[in-house]
Enquirer: 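Quick one: structure below, then a few questions.
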Amino acid sequence: MKRIVLTLAIAFIGLTATFAQSTGKQKMTPEQRAEKSTAKLEKELTLTADQKQKIYAVELDKYKQTEAWHKQTSADRKAKRDQHMASKKETDAKIDQVLTPDQKKKLDDLRTAKKARAQNKKDHHKGPKPADKVQE
């Protein structure tokens, strides 16, 4: 009887662990990503309905292009990075055309803050620089 209970307990624990690992995030479609990023911009910049529609179209195009690049495996890393940077500049320019001057300023502030957070996170993961280390 003890063996049966022990066997069932082990099986139950094994199945629980298997299901816990397999329930990761689902991959979002380009449409879902575009909707999410447009909603975020709408919240932060108080977009009009027309602006929201135009920005959604720009974001959807960006995410479809990004998905196509991820499916490509032939391009080297530097070429992909250069393509991505050019596309980002183009997307940012298209979005800036839709926004009012006040909204552009807010968005520039958000972009600057995001870059600062990314740089801070990058610096934090690197650890102290050699010159900052304490000499014993």
Side-chain angles (χ1 to χ4, degrees):
M1 183 70 181
K2 287 183 181 180
R3 283 187 175 172
I4 294 174
V5 172
L6 184 61
T7 304
L8 288 175
I10 291 173
F12 179 73
I13 291 170
L15 289 174
T16 305
T18 302
F19 283 115
Q21 291 176 1
S22 66
T23 57
K25 290 184 178 179
Q26 290 181 346
K27 187 174 179 183
M28 293 173 64
T29 65
E31 291 80 9
Q32 290 170 327
R33 289 175 189 236
E35 184 63 39
K36 184 177 179 180
S37 62
T38 303
K40 183 177 179 182
L41 285 175
E42 180 183 25
K43 179 184 172 193
E44 292 173 347
L45 303 177
T46 57
L47 301 175
T48 64
D50 185 47
Q51 287 176 322
K52 182 180 176 184
Q53 184 181 16
K54 289 177 182 177
I55 289 177
Y56 175 79
V58 171
E59 292 287 330
L60 181 60
D61 182 48
K62 174 180 81 171
Y63 287 118
K64 283 184 177 181
Q65 197 174 41
T66 302
E67 187 176 27
W69 287 338
H70 285 290
K71 289 181 181 177
Q72 288 178 349
T73 56
S74 61
D76 67 341
R77 191 175 209 161
K78 185 177 178 350
K80 278 186 175 182
R81 192 179 109 237
D82 292 342
Q83 263 184 334
H84 179 72
M85 293 303 290
S87 176
K88 183 175 176 3
K89 286 181 183 179
E90 183 181 323
T91 300
D92 289 347
K94 286 179 183 178
I95 289 174
D96 286 345
Q97 289 175 351
V98 175
L99 301 176
T100 65
D102 289 339
Q103 290 172 329
K104 283 182 194 178
K105 182 171 180 358
K106 271 187 183 178
L107 185 58
D108 287 340
D109 292 343
L110 290 170
R111 288 174 181 162
T112 303
K114 184 177 179 180
K115 282 183 183 179
R117 283 192 311 269
Q119 185 63 40
N120 188 22
K121 188 175 182 180
K122 184 177 178 183
D123 290 343
H124 178 70
H125 286 296
K126 283 184 179 178
K129 295 179 181 170
D132 296 341
K133 290 185 179 177
V134 177
Q135 299 290 327
E136 291 184 21

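Positions are given from 1, in the same order as the sequence printed here. Every heavy atom of this structure was used, including side-chain atoms; hydrogens, water molecules and symmetry mates were not.
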Enquirer: Could you list the cluster mates of Leu60? Members are the ILVMFWY residues connected by side-chain heavy atoms closer than 4.5 Å, either directly or through other members.
Expert: Tyr56
Enquirer: Residues in salt bridge (charged side-chain N to carboxylate O under 4.0 Å, His left out) with Lys78, at least two apart?
Expert: Asp82
Enquirer: Do Glu67 and Arg33 have side chains that get closer than 4.5 Å, going by heavy atoms?
Expert: no
Enquirer: Distance check, rounded to the nearest 0.5 Å: Lys89 atom NZ versus Asp96 atom CG?
Expert: 13.5 Å
Enquirer: Under the salt bridge (charged side-chain N to carboxylate O under 4.0 Å, His left out) rule, collect the residues that match up with Glu42, sequence neighbours excluded.
Expert: Lys52
Enquirer: With a cutoff of under 4.5 Å between side-chain heavy atoms, which Ile, Leu, Val, Met, Phe, Trp and Tyr residues group with Ile4?
Expert: Leu8
Enquirer: Using the side-chain hydrogen bond (donor to acceptor under 3.5 Å, both in side chains) criterion, which residues pair with Lys88? Sequence neighbours excluded.
Expert: Asp92
Enquirer: Heavy-atom count around Gln53 CD within 6.0 Å, excluding the residue itself: above 12?
Expert: no
Enquirer: Go through the structure and list residues passing salt bridge (charged side-chain N to carboxylate O under 4.0 Å, His left out) with Lys94, not counting sequence neighbours.
Expert: Glu90
Enquirer: Side chain to side chain contact (heavy atoms under 4.5 Å, CB included) with Arg117: which of Gln119, Lys114, Lys121, Lys115?
Expert: Lys114
Enquirer: By side-chain hydrogen bond (donor to acceptor under 3.5 Å, both in side chains), which residues pair with Ser37, not counting sequence neighbours?
Expert: Glu59
Enquirer: Output, in order, the C-alpha distance, side-chain angles, deciding distance and verdict of salt bridge (charged side-chain N to carboxylate O under 4.0 Å, His left out) for Lys104 and Asp108.
Expert: CA-CA 6 Å; Lys104 283 182 194 178; Asp108 287 340; over 6 Å; no
Enquirer: The criterion is side chain to side chain contact (heavy atoms under 4.5 Å, CB included); which residues satisfy it with Arg3, sequence neighbours excluded?
Expert: none
Enquirer: Among all residues two or more places apart in sequence or in another chain, which pass the side-chain hydrogen bond (donor to acceptor under 3.5 Å, both in side chains) test with Glu35?
Expert: none
Enquirer: Heavy-atom count around Arg81 CZ within 6.0 Å, excluding the residue itself: above 12?
Expert: no
Enquirer: Quick one: pull up OG1 in Thr91 and CD in Gln65 and give me the separation to the nearest 0.5 Å.
Expert: 7.0 Å
Enquirer: Using side chain to side chain contact (heavy atoms under 4.5 Å, CB included) as the criterion, list what pairs up with Asp102, not counting sequence neighbours.
Expert: Thr100
Enquirer: Can you tell me if Thr38 uses its side chain to pair, donor with acceptor, with the backbone of Ala34 under 3.5 Å?
Expert: yes
Enquirer: Going by side-chain heavy atoms closer than 4.5 Å, which hydrophobic residues are tied to Leu99, directly or by a chain of links?
Expert: Leu41, Leu45, Leu47, Ile55, Val58, Ile95, Val98, Leu107, Leu110
Enquirer: Using the test salt bridge (charged side-chain N to carboxylate O under 4.0 Å, His left out), find all partners of Lys105 that sit at least two apart in sequence or belong to another chain.
Expert: Asp109
